[in-house]
Amino acid sequence: MSMKQGCVVDLVPSKQIFPILDTLNQLGASPWIVNKPVLDLIIQVFRNGGMEQVDIPLPVSQCPALPKITRDLSSEEKNVIYRQRFMLKKKRSEMFSLWCDALYKLSIANHFRDSVFWFPQNIDFRGRVYPVPPHFQHLGGDMARSMLLFAKGMPLGDKGLDWLKIHLINLTGLKKKSSLTDRLAWANEILDDILDSADNPLTGKQWWKESDDPWQTLACCMEIANASRSPNPAAYVSHFPVHQDGSCNGLQHYAALGRDQKGAEAVNLYPFETPQDVYSGVAGLVEKERLQDAAADVEIAKVLDGFVSRKVVKQTVMTIVYGVTRYGARAQIQKQLADIKAFPEHKSLPAASYLAEKTFDSIKQMFTSARQIQDWFVDCAKLISSVRNKPVEWVTPLGLPVVQPYFKLPKNYAESSRSVHLLQANSKPNVMKQKNAFPPNFVHSLDSSHMMLTCLHAARAGISFAAVHDSYWTHPANVDIMNKLTREQFVALHSLPILDDLSEFLEKRFSYSPGDIGTPFPEDPRLRLNAVLKSVPTKGKFDLTSVLRSTYFFS
């Protein structure tokens, strides 16, 4: 939190931020334990030289030796070896870094293997929640998450085992377009593979290694094996956390803000029998445009024949809502194309530029209101920071005052605690950063508000709750309760006049009064600022209560 934001927070009544503090206390009060069977297996793999397939890093000793340079080599041959040595040194450094990181996390987990522990929580300037421990916690990667269990156990009940199986299939990423019923049916079909993974993780069929998140998948296989083999699965006491994840959560908030029917359908705010996949939808629109261009004899469109896929555009669709630029989108897509061996390397840059442009256009088609709202955010932030020379501020729905901490660096700036405070107190805002960051930061403040509301109501309902931003965790027996609360609180949040309240706050904080303006001159930016701040984008006709019936809103 910046000094300016700290001063603003100090001025608000204490009661205003009580819900945020209550959320942090509630999340921090959830006790955890280590999943010892999974920990022991990971340690075994780590000690035996690692395993790249499941992201256990290899020791540096397995990196090839550096090629030697001898006198009899030509200049060209020496240059080739110099490049090889450079790349090998870089790889060796990366391997050592990853190996040390894994060793540290495993050491921490092993230290707490017989203990109950807690993760104190903190928030960033937007209100997003993070655990204070930096290394071993549930915001970590697949390996770290697989080693964590709720300390409090709870009987599975009638539907808990089914939720464990659905969670397992979700982790694999193999049935993203299937209904929950089909995912459960498939889990029952491959039960032998699941039990084999649990019983013989390193010597059997090793089905778990095919998963997107292999270690969490293996941990879930073990839990399903233990539960299904117990005398009464409904009475089996499970400590295992089941996740329910938002469907492209940033776009969900934009679609709700704009009551955008088409956008809401694309991100599962509207109920369907099977989940809608926004990434495939965008890829389909891009491919449609590519086919038209190819028919019109556009060369790069012909080159891309057969290469436009969900995977190629996914990262850009995910980040476009958080303010990714066309330059950033081009780099993302170029990286995806580089991973396709059959794609001609020399065409990757123009192809990435072409696809980035088409992806932006497709998003505009699919999410009309989202783009209008995002453009309004950008215009507001640009004028506030350039005309008013102030950082953008707002208050989250739960009462947290937010001040964007982006300022111009003065010459001879030396970073220190004191210089940072002086910078924030005396410097002008960085207009580019202020305007580019406002849309994603505002949406992040909304997703944190939704999580906090769900957390507080989960506490009132007496169920366990943990969260990784837009991924909510609870016991298998409580998934239905948490899902109900998740939907109710999203509807409650977006039933508030969020954009109107924002406009009113910005007008009150940053607009010019007639007395301030005096006699305006042509194209006076002060008048432009006043006009933009009150120009709230119009909303569509989407019925927000549809979210209450949407199975795949969070799933």
Y270, OH atom: more than 12 neighbouring heavy atoms under 6.0 Å: no

Partner of K205 by side-chain hydrogen bond (donor to acceptor under 3.5 Å, both in side chains), out of D196, D193, N200: D193

Centroid-centroid under 6.0 Å between F367 and Y254 rings: no

Step-by-step side-chain hydrogen bond (donor to acceptor under 3.5 Å, both in side chains) determination, N268 to S550: CA-CA 7 Å; N268 294 298; S550 177; 5.5 Å; no

Salt bridge present between D114 and K36 (N-O < 4.0 angstrom): yes

CZ/F272: more than 12 non-hydrogen atoms of other groups inside 6.0 Å: yes

From CA spacing to verdict: ring pair (Phe, Tyr, Trp, His ring centres under 6.0 Å), F554, Y552: CA-CA 5 Å; F554 268 59; Y552 303 101; over 10 Å; no

Ring centre gap for H450 and Y472 strictly below 6.0 Å: yes

R290/E287 ion pair, N-O < 4.0 Å: yes

Test: D480 and K484 ion pair at under 4.0 Å: no

Row check, F553 ring normal vs R487 NZ/CZ: under 6.0 Å, within 45°: no

Parallel, tilted or perpendicular, as decided by the 30° and 60° cut-offs, for the rings of W215 and W208: tilted

Within the 6.0 Å centroid threshold, strictly below: H111 and F136: no

Distance-only side-chain donor-acceptor flag, E210 / T172, under 3.5 Å: no

V45 side chain reached by I42 side chain, heavy atoms, under 4.5 Å: no

For V242 against L164, the heavy-atom pair lying closest together: CG2-CD2, 4.1 Å

Residues R229, D199: salt bridge by 4.0 Å N-O rule: yes

Plane angle bin for H138 and W32 - parallel if under 30°, tilted between 30 and 60°, otherwise perpendicular: parallel

Over 12 foreign heavy atoms within 6.0 Å of NZ, K159: no

Parallel, tilted or perpendicular, as decided by the 30° and 60° cut-offs, for the rings of F96 and W99: parallel

Any donor-acceptor N or O pair under 3.5 Å, side chains K335, Q332: no

Centroid-centroid under 6.0 Å between H253 and F490 rings: yes

Within the 6.0 Å centroid threshold, strictly below: F150 and W473: no

K302 bridged to D293 by N-O distance under 4.0 Å: no

